[in-house]
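Read the numbers this way: they start at 1 and go in the same order the structure lists the ligands and their atoms.
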Amino acid sequence: MTHEKSLTYSEYLKLDGLLAQQQPLSGEHDELLFIVIHQVYELWFKQCLHELRYLRAAFEAGDTPRALAALKRTLTILKTLVGQVDILETMTPLSFNAFRQRLQASSGFQSFQFRAVEFLLGHKRASALENYPAESRERSALRQLMGEPSIYDAFLRYLQLKGVPMPEAALRRDTAQATVADEGVQQALLIVYRTLPFEAQVCERLVDLDEGLQEWRYRHVKMVERTIGAKPGSGGSSGAAYLRDTLFRPLFPDLWAIRAQL
Ligand code: HEM
């Protein structure tokens, strides 16, 4: 069915523009996959940021159903992000080598949206800003996110709204700092798990999110090891060794610390 003046699928989705953005620099067969997969990741990062902001607002409003819905969607996207690693692992070291030098110093290390996801989740560090030029849009957006409450800060306030006795110091902490383990918060979380089953569900979904991001880091480093071995990264780091150092670091340490006491 055609309607003369009606918006088309391609117009609505701006497909002409979107599908013009995959421009391999070599004639190598696998470079298109490399570009497509990174672009797809960036689109999902964009959606994750959208959902995480929604989650933060739901926490601030004390809205459990909305928080659980945003968490469910984010977790489903995260599973897809992890699963997509399989696709890039079909590229052999030899075929990557055939175009790797074309990347010059570019690297996922420079992904501004990935850093924004980390910052929103509370993994904040000023050093990450230095990867972006002083007056760039990326640096100022990350600087702004640094100062804003993270998902975890909003979660603690959400629990307080639900009547959980949350330590004042944790609620008033400097939100520009990374999340740190806090024994007072852990005591409060134990109360949640023992007495508030709905809020405990929210805690469990945050543990899923934390585990999911760690899973992505693990799959990424294995992909890196099998594709470039011990070679340094194009972004200037030691490569897999640098990435291995980022493994097994929880976003929400309190939610892990209490498990031995449950
Ligand atoms: C053959 C495939 C890939 C290789 C060999 C690779 C390699 C690397 C290396 C060596 C690093 C460390 C920084 C550096 O020195 O460059 C890195 C970081 C990173 N890569 Fe990849 N990568 C691959 C695919 C991907 C994909 C598909 C994504 C999705 C967006 C991605 C996202 C990232 C991110 C976000 C970082 C920063 C991690 C952090 O600092 O914690 N990479 N990658």
What atoms of ligand 1 come within less than 4.0 Å of a heavy atom belonging to [X]?
X      : value
Phe114 : 35 (C)
Gly239 : 10 (C)
Gly235 : 14 (C), 15 (O), 16 (O)
Met91  : 1 (C)
Thr227 : 1 (C)

Would you please indicate yes or no on a ring centroid separation below 6.0 angstrom for [Y] and [X]?
X      : Y      : result
Phe99  : Phe96  : yes
His50  : Tyr54  : no
Phe248 : Trp256 : no

For [atom], which protein heavy atom lies nearest, and how many Å away is it?
atom                    : answer
atom 2 (C) of ligand 1  : Leu88 CD2, 3.6 Å
atom 30 (C) of ligand 1 : Tyr41 CB, 3.5 Å
atom 25 (C) of ligand 1 : His38 NE2, 3.2 Å
atom 5 (C) of ligand 1  : Phe96 CE2, 3.8 Å
atom 39 (C) of ligand 1 : Tyr242 OH, 3.4 Å

Tell me which part of Trp216 gets within contact of ligand 1: side chain, backbone, both or neither, using heavy atoms under 4.0 Å.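 Side chain only.
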Can you list every ring-ring contact (aromatic ring centres under 6.0 Å, His included) pair that touches residues 148-170, not counting sequence neighbours?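 Sorted result for residues 148-170: Phe59-Phe155, Phe59-Tyr158, Tyr152-Phe155, Tyr152-Phe252.
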Taking atom 37 (C) of ligand 1 as the point of reference, which of Arg115, Gln110, Gln39, Glu225 owns the nearest heavy atom?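 Going through Arg115, Gln110, Gln39, Glu225 one by one, Arg115 has the nearest heavy atom to atom 37 (C) of ligand 1.
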Mind checking side-chain contact (heavy atoms from CB on, under 4.5 Å) for Tyr242 and listing every partner two or more places apart, or none if nothing turns up?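 Testing Tyr242 for side-chain contact (heavy atoms from CB on, under 4.5 Å), a comparison that skips the adjacent residues, returns Phe109, Arg115, Ser237, Ser238, Thr246.
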List for me each residue that meets salt bridge (Lys or Arg N to Asp or Glu O under 4.0 Å) alongside Glu168, sequence neighbours excluded, and say none if there are none.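 Checked Glu168 against salt bridge (Lys or Arg N to Asp or Glu O under 4.0 Å); matches are Arg172.
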Take atom CD of Glu135 as the centre, draw a 6.0 Å sphere, and report whether it contains more than 12 heavy atoms from other residues, nucleotides or ligands.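 Not buried by this count: 12 neighbours or fewer within 6.0 Å.
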Are there over 12 heavy-atom neighbours, none belonging to Trp216, within less than 6.0 Å of that residue's CH2?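 Above 12, so yes.
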How long is the straight-line distance from NZ of Lys231 back to CD of Glu225, given to the nearest 0.5 Å?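 So the gap between those two atoms works out to 14.0 Å.
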Could you point out which residue of Thr76, Ile77, Leu75 forms a side chain to side chain contact (heavy atoms under 4.5 Å, CB included) with Arg73?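 The single option meeting the side chain to side chain contact (heavy atoms under 4.5 Å, CB included) with Arg73 is Ile77.
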Between [X] and ligand 1, does any nitrogen or oxygen pair lie at a separation below 3.5 Å?
X      : answer
Ser237 : yes
Ile37  : no
Glu118 : no

How close do Arg259 and Glu204 get, counting heavy atoms only, and between which atoms?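 Reported closest heavy-atom pair: NH2-OE2, 2.8 Å.
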Is any protein N, O or S atom closer than 2.8 Å to atom 21 (Fe) of ligand 1, and if so, which?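 Protein N/O/S atoms under 2.8 Å of atom 21 (Fe) of ligand 1: His220 NE2.
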Measure the distances from the heavy atoms of Arg217 to every atom of ligand 1 and state whether one is below 4.0 angstrom.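 The answer is yes: ligand 1 sits under 4.0 Å from a heavy atom of Arg217.
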For residues Pro24 and Ile35, determine if any side-chain heavy atom of one lies less than 4.5 Å from a side-chain heavy atom of the other.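 Yes, side chains in contact.
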Determine yes or no for a side-chain-to-main-chain donor-acceptor pair under 3.5 angstrom, with Arg217 supplying the side chain and Leu247 the backbone.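 Pair absent, no side-chain N/O of Arg217 close to backbone of Leu247.
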Residue pair Gln110, Asn131: steps toward the side chain to side chain donor-acceptor pair (under 3.5 Å) verdict: CA-CA 7 Å; Gln110 297 159 335; Asn131 292 317; over 6 Å; no
